[in-house]
Amino acid sequence: MTYLFYHLAQEPEHVQKIRKEVQSLMKGDWSDKDIHGAMHLNGAINEALRLHPPVPSGLFRMTPPEGLHVGETFIPGSTTYLMPSYVMGRDEHNYEDADSFVPERWYSRPDMIKHKDAYAPFSMGPMGCIGKNLALTELRTLTARLLAGFDVSLAQGEDGKRIMTETLDHFTVDPGDLDLVFTKV
Ligand code: HEM
């Protein structure tokens with residue numbers, strides 16, 4: 001949520017797009033199933049998770065006793081290795097214009113994703129995150145509710161640098177400070 005709003009505060013055109021998209025879906029007693037398919041909202045959440053993965057260094061895994069080939073590289077057996085999510089998310093081999101926040105790449109610009117398998121902020125397979133759907137439901141509903149009623153901007157004196165330079169990686173991410181202002185629309 002913090003990193004998503006870091007981008008939204010600086011690129012208000014995405015706030016407008018998401019607001020327009022969800023306002024038509026949030027009718028009466030709405031719930032997540034009504035906004036589940038909101039493409040720009042989902043794209044923005046994916047971009048925040050791609051550029052700022054909550055487990056930035058990735059997960060430790062052990063190769064099988066016979067070892068493992070990854071492309072042309074052989075990793076010997078019983079070796080601990082990891083694939084850093086932060087690096088994979090910003091690699092130009094995986095994404096076009098990798099450092100930019102482009103929600104459209106997840107729906108109307110699939111050409112901007114070169115390797116879809118590189119995106120796994122919740123991990124995958126039998127050890128993957130059991131809370132993935134709950135987490136995405138919370139991200140969607142809270143973001144939709146906030147953007148339907150508020151504009152967001154950086155607070156006076158906030159340049160957005162601390163969140164990028166003071167974030168720590170303790171296996172899970174510990175974001176640096178970010179002061180935002182929410183203004184009722
Ligand atoms: C954006 C939010 C979240 C992200 C990015 C995330 C990411 C992850 C990742 C990468 C793992 C795999 C850890 C590993 O294999 O060593 C994991 C495991 C797990 N997550 Fe999440 N998670 C999120 C939210 C949640 C929520 C909301 C819950 C519960 C309500 C949850 C519960 C769990 C549990 C129980 C595991 C262990 C699963 C197992 O070992 O079988 N997570 N999560």
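Just follow the structure's listing: the first ligand is 1, and inside any ligand the first atom is 1. Just so it is clear, the structure is predicted and the values come from calculations on it, not from any experiment.
The distance from ligand 1 to the heavy atoms of Ser123 drops below 4.0 Å at these ligand atoms: 10 (C). The ligand atoms of ligand 1 that sit less than 4.0 angstrom from a heavy atom of Pro54 are 5 (C).
Here the side chain of Lys114 pairs a donor or acceptor atom with the backbone of Glu92 at under 3.5 angstrom. With Thr63 contributing its side chain and Pro76 its backbone, the two residues share a donor-acceptor pair below 3.5 Å.
Side-chain contact of Asp32 with His36: a donor-acceptor pair under 3.5 Å is absent, judged by distance alone.
The closest approach between a heavy atom of Met1 and any atom of ligand 1 is not below 4.0 Å.
In this pair, Phe101 and His14 present their aromatic rings perpendicular. The plane angle is above 60°, beyond the 30 to 60° band. Using cut-offs of 30° and 60° on the angle between ring planes, the pair Phe74 and His69 is tilted.
Looking only at heavy atoms of the protein, atom 28 (C) of ligand 1 is closest to Gly131 CA, 3.5 Å. In terms of protein heavy-atom proximity, atom 7 (C) of ligand 1 is nearest to Pro121 O, 3.7 Å. For atom 24 (C) of ligand 1, the nearest protein heavy atom (residue, atom name, distance) is Ala135 CB, 3.8 Å. Here the heavy atom of the protein found nearest to atom 16 (O) of ligand 1 is Leu59 CD2, 3.4 Å. Nearest protein heavy-atom neighbour of atom 35 (C) of ligand 1: Ile130 CG2, 3.2 Å. The protein heavy atom nearest to atom 6 (C) of ligand 1 is Phe122 CD2, 3.6 Å. In this structure, atom 12 (C) of ligand 1 lies nearest to the protein heavy atom Met127 O, 3.8 Å. Scanning the protein heavy atoms around atom 30 (C) of ligand 1, the nearest turns out to be Leu134 CD2, 3.5 Å.
Counting heavy-atom neighbours within 6.0 Å of Asp117 CG, excluding the residue itself, gives a total of 12 or less.
The shortest distance between side-chain heavy atoms of Tyr95 and Arg50 falls below 4.5 Å.
Atom 10 (C) of ligand 1 is approached by the protein to below 4.0 angstrom, counting heavy atoms only.
Taking the six-membered ring for Trp, Phe150 and Phe5 have ring centres at least 6.0 Å apart.
The two atoms that bring Met88 and Asn94 nearest to each other are O-ND2, 3.0 Å, heavy atoms only.
Scanning Lys132, Glu138, Arg61 for the heavy atom closest to atom 15 (O) of ligand 1 points to Arg61.
With a 4.0 Å cut-off on non-hydrogen atoms, Cys129 touches ligand 1 through its backbone as well as its side chain.
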